[in-house]
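Beneath this line is the structure, given in structure tokens, with notes to follow.
Chain identifiers are assigned alphabetically (A, B, ...) following the order of the sequence lines, protein sequences preceding nucleic acid strands; residue numbering begins at 1 within each chain.
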Amino acid sequence: MTQNHLYLVDGSGYIFRAYHQLPPLTNQHGQPVGAVYGYTTMLWKLAEELGKAEGPTHLAVVLDKGSHTFRNDMYDQYKANRPPAPEDLVPQFPMIRDATRAFSLPCIEEAGFEADDIIASYTQAAVRAGWHVTIVSSDKDLMQLIQPGVDMYDTMKNERRGADYVVGKFGVQPEQLGDVLALMGDSVDNVPGIPGIGPKTAAKLITEYGSLEAALEAAPAMKKSKMQENLIAHADMARLSRRLVALHDSMDLPEPLDDLTLKGIPKEPLQEFLSHHGFKTLLNRLGAPAAAAPAAATATASATAAPAAPAPAEEPAIDRSLYETVVTEEALDRWIAAAYAEGLVAVDTETDMLDAVSCQLVGISLATGPNKACYIPVGHGGTDMFAERPEQLDKALVIAKLKPLLEDDSILKIGQNLKYDLTVLRRHGIEIAPYDDTIVMSFDLDAGQSLAGHGMDEAAKTHLNHTCISFKEVVGTGKSQISFAEVPLPRATEYAAEDADVTLRLWKRFKTRIANEGANRVYELVDRPLVSVIAGMEHQGIKVDREALSRLSAEFTAGIAALETEIHEIAGQPFAIGSTQQLGAILFDKLGYKGGKKGKSGAYSTDVTILEQLKAQGAPIADKVLEWRQLSKLKSTYTDALQAQINKDTGRVHTSYSLTGAQTGRLSSTDPNLQNIPIRTEVGRQIRHAFVAEQGNVILAADYSQIELRLAAHMADVPALKDAFANGEDIHAATAMQLFGEVNRDTRGRAKTINFAILYGISRWGLAGRLEISADEAQDMISRYYERFPGISIYINETIEKARERGYTETLFGRKTWFPRIKASVQHERQGAERAAINAPIQGTSADIIKRAMARMGPALEAAGLPNVKMLLQVHDELVFELPEGDVDAASAVIRQVMETAAEPIVKLSVPLGVEIGTGPSWGAAH
DNA sequence: ACCCTCACG
DNA sequence: GACGTACGTGAGGGTA
């Protein structure tokens, strides 16, 4: 019988090395896969050793899991200054597991231990069993394990390494390497070592004195030198370092040695993996016919086709009778174990109201596979003192049991609109990570598709052809509506567990499509990271000065009453001024002003433009109505409504952002909408002054200046505009100079109008209306604009062309917006779609950029030692913060830096991004 | 439920 | 020759 030979592959170590040494490859789906490719070739190389004399009979890939290990408990600075993994490497981590699975190799990870410790434990166990071991790694820490029967293999250098190699490199035997490493320290892992001692000195000391401890003890007797002083001064640090570099080699083996037997590698899964990523060389070597990539079908998806992915072959239909109500600890443990076994779990929380900031948690549902779903009630019943509480587990116990699972780095949590659940569970001390959000996945795939609602009920209908139990069916409507806490458990289980089940099924389909349809970049690098950031901002809220609003309300009420009297006097009768119908009748029928009808409703139009015209005609009533409208709008929509929105528990206003609200990728804000707080008029602006900072804090507002025009200049490649931005010129003035040859108030104003018109898709009639000139004159102006900035007309034509051909437009980050109506036969529908298509890449790229800035802001402020700077609001090109007064200077620098570089390194812009920052006691004062 | 109007970028 | 005139949102009030 030949001797067993165990290969232990240091997967985590390998991928970092592969990332840095290989070019940044991208597969046909736009995913970065350089490191994955390197990893795959490495496994391939190992597979080729199979059956050779030195080849493996047993093999395991070992991966790091989680970031906190016993070494952190030993030394809180351990790995503390390790920079975060590069952005285009992060999405490759999960693909490493895919690759390992594709080769049908066992993969071992264990929380609390680093891959090094797992490798050490397996090595020692195998040695005790009389096996040979080869560690596939180039990590210097692992070289401590080299001994008779144990060697290392560097697949990149194609080199086998034994004790000789260690002696050559470090000047000591492998068993003394730990002492050398402890003296040297390691800046990457933040192992302190002794200052001034590098590999050479360390080796000399250990060779001379035999061990670290001996060298430290001998230090006082050594010749006086800086090194000697340091040895004495930092002896404790050296001892700590020794413990940090020591490998833990006696952990319980997660899988017994014998289970790591190599049984040969089935071709099929490997072939599928290789063709999915387009690794053609390896595919050819596999001897497989160049199988069509699974993406082929979707590349030609038409604009109007229902977005659909086939059901995974073996997926059973939804059967609610299979769901379980979890009311015992044993059952809960069983579900947690199932989640660990699966590596992922769908999660949904049920609460007693919609507001994530003040609601009570009522129950949690989990799903680990089709029809494998459960509901864990924790807050049912007890809504009044006589109501009976059904038997259920204690909330604190459930939270404590679920916390490790929901925070485990290696278990993917899947939710539908997770922003809500993140906030609810954060209030219970749980920080869910990592996660996928199916509502965001749906949006990144199908924004603008008329058939695709992103909400769960609609998505279930579209993608699973399944009708979910509606929330209304469960709790009723209107007066008889009950809280979810009052829903009987069997019914609550059907509803809640179905949500988790459906979410998981949707996720499987979206996951495949995201990879196949090129949505990976925008999902991983823009939208997914944003979900928890938004949850945090909503949770934070902003303080609003209730008294200030109440004073304004009173002022407005008085103004409105006075105007009402005057208006009724001029009209000669009382009427409802807010009724456009009655107002139209007064203006055009009774008072006889010229204005005409409009729209198919046949009603008179009475909007601002009409009233402005009447005012010019000399109608005193028009001015009064405009003023009345302004005040009523401000009072009803802002000063009254905002007071009612102040949260009783927090005293702050918590808006809700929708990540899927705007087709272009912008956020939208509701309940209340904090993205349309007045600023353009002096009266309105007073409302902004009611958004204030807490005592000792200030509000900071940071705005991108002209970001959409800058992006247009970049995307349409307009040298004249790019130069103007590069030189920090007033862009509208520069445009005026180009178009009219001179800059004054009039020409600058007209240039500004035209610049905006360009972003929105221009028509000569539209421009004519805005500039109050004839359509012919407007046409001349547009032609001159195209002449001076030729890139613009090319951009417009190409964008429309592409939208028509493919059905969608794309931002610089690959965000798609679909335009099904771009092929409409009705002209104005089609033209409307064309104008939207011209605007979407610009507005959408701007949205992508500020979203990236938001995702990076927290870590950047944290890293700069500014944990008390809180990001509160986003208003499309503006971020609003609250921070201690003393942090203003430091925070401004960080915020500016993050915002100005937010596109990098994914997109390199040919124009600089400018950011303007202001601070003050209120949002109004910060502008 | 719909339209109109108007607040913001 | 008529059409209906800029992109993206959300909220409140009136009307049917």
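- Shortest non-hydrogen contact noted between Val522(A) and Asp848(A) is CG2-OD1, 4.3 Å.
- The CD1 atom of Ile796(A) sits 11 Å away from the C1' atom of dA6(C) (whole-angstrom rounding).
- When the C1' atom of dC7(C) is taken as reference, atom CZ of Arg770(A) falls 11 Å away, rounded to whole Å.
- Out of dG8(C), dC6(B), dA6(C), the shortest distance to the side chain of His876(A) is found at dG8(C).
- Salt-bridge check for Arg652(A) with Glu882(A): passed, with a basic side-chain N closer than 4.0 Å to an acidic carboxylate O.
- Residue Ile842(A) is out of contact with every strand shown, counting any heavy-atom pair closer than 4.0 Å.
- Rounded to whole Å, the C1' atom of dA7(B) lies 30 Å from the corresponding atom of dC3(C).
- Note on ring orientation: taking the six-membered ring where Trp is involved, the planes of Phe789(A) and Tyr785(A) are perpendicular (angle over 60°, cut-offs 30° and 60°).
- The side chain of Ser668(A) sits closest to dG10(C) out of dG10(C), dC8(B), dG8(C).
- A sub-4.0 Å separation between OP1 or OP2 of dG9(B) and a side-chain N or O of Arg680(A) is present.
- Of all the heavy atoms in Arg629(A) and Asp607(A), the pair that sits closest is NH1-CA, 4.0 Å.
- Whole-Å rounding puts the Trp765(A) CH2 to dA6(C) C1' distance at 13 Å.
- Rounded to whole Å, the separation between the C1' atoms of dT5(C) and dC2(B) comes to 23 Å.
- Comparing atom distances between the Ser605(A) side chain and each of dA6(C), dT5(B), dC3(C) picks out dT5(B) as nearest.
- Heavy atoms of Ala757(A) sit under 4.0 angstrom from at least one base atom.
- Note on Arg666(A): every side-chain N or O is 4.0 Å or more away from OP1 and OP2 of dT9(C).
- When the P atom is used for both dG4(C) and dC3(B), the distance is 15 Å, rounded to whole Å.
- Gln582(A) contributes a side-chain N or O that, together with a main-chain N or O of Ala576(A), makes up a donor-acceptor pair within less than 3.5 Å.
- Here Leu674(A) lies out of heavy-atom contact (under 4.0 Å) with every strand.
- Between dA6(C), dC6(B), dA7(B), one nucleotide has an atom nearer to the side chain of Val608(A) than all others, and that is dC6(B).
- Which of dC8(B), dT5(B), dG8(C) sits closest to the side chain of Arg688(A) comes down to dC8(B).
- Not one side-chain nitrogen or oxygen of Arg764(A) sits closer than 4.0 Å to the OP1 or OP2 atom of dT5(C).
- Contact annotation for Thr753(A): base contact, defined as any heavy-atom pair under 4.0 Å involving a base atom.
- Protein atom CG of Asn755(A) is 17 Å distant from nucleotide atom P of dC7(C), rounded to whole Å.
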If a protein heavy atom is under 4.0 Å from the base, mark B; if only from the sugar-phosphate, S; if neither, -; do that for nucleotides 11-16 of chain C going 5' to 3'.
BSSSSS

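- Rounded to a whole Å, the CG atom of Leu642(A) is 14 Å from the P atom of dC8(B).
- Whole-Å rounding puts the Glu829(A) CD to dT5(C) P distance at 13 Å.
- The aromatic rings of His732(A) and Phe756(A) lie tilted to each other, with the angle between the two planes from 30° to 60°.
- Rounded to whole Å, the distance from CD1 on Ile762(A) to C1' on dG4(C) is 16 Å.
- Note on ring orientation: taking the six-membered ring where Trp is involved, the planes of Tyr604(A) and Phe588(A) are tilted (angle from 30° to 60°).
- Residue Glu878(A) is classed as having no contact, given no heavy-atom separation below 4.0 Å to the nucleic acid.
- The CG atom of Leu583(A) lies 7.0 Å from the CD1 atom of Ile621(A); values are rounded to the nearest 0.5 Å.
- The interatomic distance linking Phe756(A) (CZ) with dC8(B) (P) rounds to 14 Å, in whole Å.
- Taking a pair to require two hydrogen-bonding distances under 3.5 Å in either a Watson-Crick or a G-U wobble arrangement, dA2(C) remains unpaired.
- When the side-chain nitrogen and oxygen atoms of Thr606(A) are compared with OP1 and OP2 of dC4(B), none of them lie within a distance under 4.0 Å.
- Considering every non-hydrogen atom in both Leu445(A) and Trp818(A), the closest pair reads O-NE1, 3.0 Å.
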